[in-house]
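Please read the structure below before turning to the comments.
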Amino acid sequence: MSLQPHLALLGMAGSLVVADRLLSGPGRKNRAKDSHRHLPPTSRSAHCEASGGKRELSPVEQLEDMRTTPIKCRDGTLVYPYSLPTRDAQLNRLKKEKFDVLVIGGGCVGSGVALDAQIRGLKTAMVEANDFSAGTSGRSTKLIHGGIRYLETAFWKLDYGSFALVQEALEERAHMLNAAPYMNSPLPIMIPIYKWWEVPYFWAGAKAYDLVASRQKSVPSSHYMDVDEALFQFPMLRGKGLKGAIIYYDGQMNDTRMGLTIALTAAQEGAAIANRVEVVSLLKDPGTGQVNGARVQDRLTGVEWDIAAKVVVNATGVFADKIRKLDDPKAVELIEPAAGVHVMFPAHFSPAKMGLIVPKTTDGRVLFFLPWEGCTLAGTTDSHSDITMHPQPTAQEVNFIMQETNRYLTTNVAAKDLIAAWSGLRPLVKDPEKIKEGTAALSRNHVIEVSETGKLITITGGKWTTYRRMAEDTVDRILREHAGLLANGDVSPQASTWNRKLLGADRAGIVCAQKFNKIGITLRNDYELPEDVSAHLVKSYGTRALQVAEWVRAGYLDTKPGKAKRLHSRYPFLEAEVIFAVEQEYALKPMDILARRTRLAFLDTEAARAAVPRVVKLMGDLLGWSWRQRTMEKAEALAFLETMNVEKTALLKK
């Protein structure tokens, strides 16, 4: 990992092109005011000795040391990691500053709007009532896709709207694979064929899918695979009657970490962001009646204050109607929530690098069977649900997924194989223009509404893959509705997020020339981390994986230097990631770690339950929790995990 000496300061930023932007980034003034607090470890230790004897650093001091401690590269040059502003610093900005745009909602779309707006030159704030990407954005099927089934609909029904939706999503698929290439990657997906006439049918469909994506080709082309090769590539597949398979490609992601990374990149660009800050009411100009801010509450402390903004954007997904009614209590509800259940099985039920799609289940839906994060993911269902932050799977839905899966596997999945089950809500949306026309048809596209009462801008609907386009369209609408924001010439009317890489993606190309396998080699050779841990860190953090490795090398709290302790023996997640998540990723509660910074709760409920006490201990020591708070946090975490499973006694018997 060779760096030019004059560029070493840029290395771990992985995203900034000029050094002065890194040095003048958020938090620099505070660090300059308190030089002792941020001395490197050796300097601070010397200061402590001179002040009356050597002492061990407190957990908080350890955190501060690691914010500015340089990382030594193999060629001897030093890399100073980029440090995000602390949550306290972000809250201070939200309390004192006035903004052009306030975004409500920190999922993928809200974070995308904050990033787009900030990059264009709009002073932007974003608040999230829970944790970043804790809702719908973290409970998807983990695919970055155009929707091959919608393309079938487009051709059979001559539906141009479905075709345009697929085309847009496939263009955005290319963006997502490019924006965080260390995290997002192409995944081959097999369509097993058991009738000869289906071979040309599915082959033509896959080739049409390739053709629609040809303007932004980001994955390999589809192809036919004969029976022998199909069974070699997917040995768990039922071979009786198999006529071959079609292989097509889409992308796969770690959805919550992708959403978090978008939010952190917005913060790196200068946006003020905060999780666990809830909007309790909207502020309005008494003269015009237009929304000009929000009253918010820090859910950790109960403190309330006003945030002033020229424009307020409602990007709260399935909760959009709740915010809309703060503006207009008589607003017609737009959201029709649909629940999608997913179940997790051990890794041996699927190949490590091949997915499977059941193109038509017994009730006509599509079912995916995918490798993900070292386990096997199966889903999804589609059913009506009440709006809730923690939707729960039912035994009936889990049974359906298991029964459909067993139609295609040689070894049946059974209740004893289930290691986690969870549900997510999709915000299907009624088009407000069609409501005015007297219909309530659901829109497959995203919808932007500007309220007549307070000019509140709501963005909802759409899909994960098109988050960037949704954000771009929203900021375009902001500038049309508030043309005065363009008056001084400092704000760009055009978006520039299309080719922009995210935090950790080595945007400047000076850490690993965007060849992330080099980071993995460094982790294995220089930090002596196991191969599975190294691969996990690179895939989750990109260049920032080196910062996590530095915590392992330096030691933390009650852990000696060089000890790469795992949160659970079966999985590659490290205790050092807890430290990093608290320090650099705004983790405030155990489930922020176990469900979102790592994905252990979504992979294996029992493993996550076993890790709760240690995570509470580490976070409690770092954040100064009392015994009572530790007890409450543990109980809250265990209650959350109860929503990630179903009673196995009600499930299919093997």
Side-chain angles (χ1 to χ4, degrees), residues 59 87 106-107 128-139 254-257 259-260 274-278 298-302 342-344 373 375 388-393 418-425 540 556-559 565-648:
R87 183 173 184 270
E128 162 58 45
N130 199 281
D131 187 24
F132 300 119
S133 289
T136 299
S137 297
R139 294 169 177 262
N254 183 333
D255 52 1
T256 303
R257 286 212 60 86
L260 172 68
N275 52 349
R276 306 202 183 273
V277 173
E278 183 174 13
D298 184 341
R299 296 182 65 186
L300 298 186
T301 64
H342 300 78
V343 297
M344 301 300 303
E373 295 290 313
C375 295
T388 173
M389 194 64 201
H390 303 301
Q392 290 186 254
L418 182 69
I419 54 178
W422 37 274
S423 180
L425 300 183
S540 296
Y556 50 87
L557 300 178
D558 57 357
T559 301
K565 287 189 175 181
R566 298 178 187 237
L567 288 173
H568 193 280
S569 59
R570 288 200 301 269
Y571 297 94
F573 309 121
L574 299 181
E575 288 186 2
E577 292 180 76
V578 179
I579 314 299
F580 185 76
V582 170
E583 165 64 0
Q584 289 292 326
E585 296 184 334
Y586 303 121
L588 300 169
K589 289 180 172 289
M591 278 303 113
D592 294 352
I593 305 288
L594 290 172
R596 292 176 283 278
R597 305 310 185 275
T598 73
R599 306 309 306 275
L600 187 57
F602 282 81
L603 298 173
D604 190 329
T605 307
E606 292 305 316
R609 185 176 284 110
V612 166
R614 181 59 176 165
V615 172
V616 170
K617 169 74 165 62
L618 292 170
M619 295 186 75
D621 289 351
L622 290 169
L623 298 173
W625 289 347
S626 65
W627 174 86
R628 176 172 292 183
Q629 185 170 359
R630 292 174 196 237
T631 302
M632 291 173 57
E633 295 292 347
K634 180 178 178 180
E636 184 179 307
L638 294 176
F640 177 92
L641 291 173
E642 288 300 313
T643 71
M644 306 291 285
N645 217 331
V646 293
E647 287 292 335
K648 293 186 179 181

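Position 1 is the first residue of the sequence; numbering continues from there.
The closest side-chain heavy-atom distance from Thr598 to His568 is not below 4.5 Å. Between Arg596 and Asn130, the closest side-chain pair of non-hydrogen atoms falls below 4.5 Å. Contact annotation: the side chain of Phe573 never approaches that of Arg597 to less than 4.5 Å [non-hydrogen atoms, C-beta and beyond]. Using a 4.5 Å cut-off on side-chain heavy atoms (C-beta onward), Met619 and Val578 make contact. Annotation: side chain of Thr388 is in contact with side chain of Pro391 (closest heavy-atom distance under 4.5 Å). Counting heavy atoms from C-beta outward, Leu557 and Ile579 have side chains that approach closer than 4.5 Å. Using a 4.5 Å cut-off on side-chain heavy atoms (C-beta onward), Arg299 and Val277 make no contact. Looking only at side-chain heavy atoms (C-beta outward), Leu260 and Ser133 stay at 4.5 Å or farther from each other.
Here Lys634 pairs with nothing under the side chain to side chain donor-acceptor pair (under 3.5 Å) rule; sequence neighbours left out. In this structure Thr256 satisfies the side chain to side chain donor-acceptor pair (under 3.5 Å) test together with Arg599, sequence neighbours excluded. Under the side chain to side chain donor-acceptor pair (under 3.5 Å) criterion, Glu577 pairs with His536, Tyr541, not counting sequence neighbours. Evaluation of the salt bridge (charged side-chain N to carboxylate O under 4.0 Å, His left out) rule for Arg614 yields Asp558, Glu575 as partners, not counting sequence neighbours. Taking the salt bridge (charged side-chain N to carboxylate O under 4.0 Å, His left out) definition, one finds that Glu606 meets it with Arg609, sequence neighbours left out. By the ring pair (Phe, Tyr, Trp, His ring centres under 6.0 Å) test, Tyr586 pairs with no residue at all, sequence neighbours left out.
Here the closest non-hydrogen pair linking Ala134 and Arg139 is O-NE, 4.0 Å. Residues Gly107 and Glu128 share a closest heavy-atom pair of N-OE1, 4.1 Å. Among all heavy-atom pairs drawn from Ser137 and Asp255, the shortest one is O-CB, 3.2 Å. Of all heavy-atom pairs between Ala601 and Ala420, the closest is O-CB, 4.2 Å. Ser423 and Pro393 get closest at one heavy-atom pair: CB-N, 4.0 Å. Scanning both residues, Met591 and Phe640, for their nearest heavy atoms gives SD-CD2, 3.3 Å.
Between Lys589 and Asp131, no side-chain nitrogen of the basic residue sits less than 4.0 Å from a carboxylate oxygen of the acidic one, so the salt-bridge criterion is not met.
Checking side-chain atoms of Thr643 against main-chain N and O of Gln392 turns up no donor-acceptor pair under 3.5 Å. In terms of modelled atom types and a separation under 3.5 Å, the side chain of Thr631 and the main chain of Trp627 share a donor-acceptor contact. Judged by distance alone, the side chain of Thr605 and the main-chain N or O of Met644 form a donor-acceptor pair under 3.5 Å. Distance alone, capped at 3.5 Å, is enough to place a donor-acceptor pair between the Arg566 side chain and the Tyr571 backbone.
Once rounded to the nearest 0.5 Å, the distance linking CD1 of Ile419 with CZ of Arg570 reads 7.5 Å. Taken to the nearest 0.5 Å, the CD atom of Glu585 stands 11.0 Å off from the CG atom of Asn275.
Val612 pairs with exactly one of Ile593, Leu641, Leu567 by the side chain to side chain contact (heavy atoms under 4.5 Å, CB included) rule, that one being Leu641.
Within a 6.0 Å sphere centred on CE of Met389, heavy atoms belonging to other residues, nucleotides or ligands number more than 12.
Taking the six-membered ring where the residue is Trp, Trp422 and His342 present parallel rings, their angle staying beneath 30° rather than reaching 60°.
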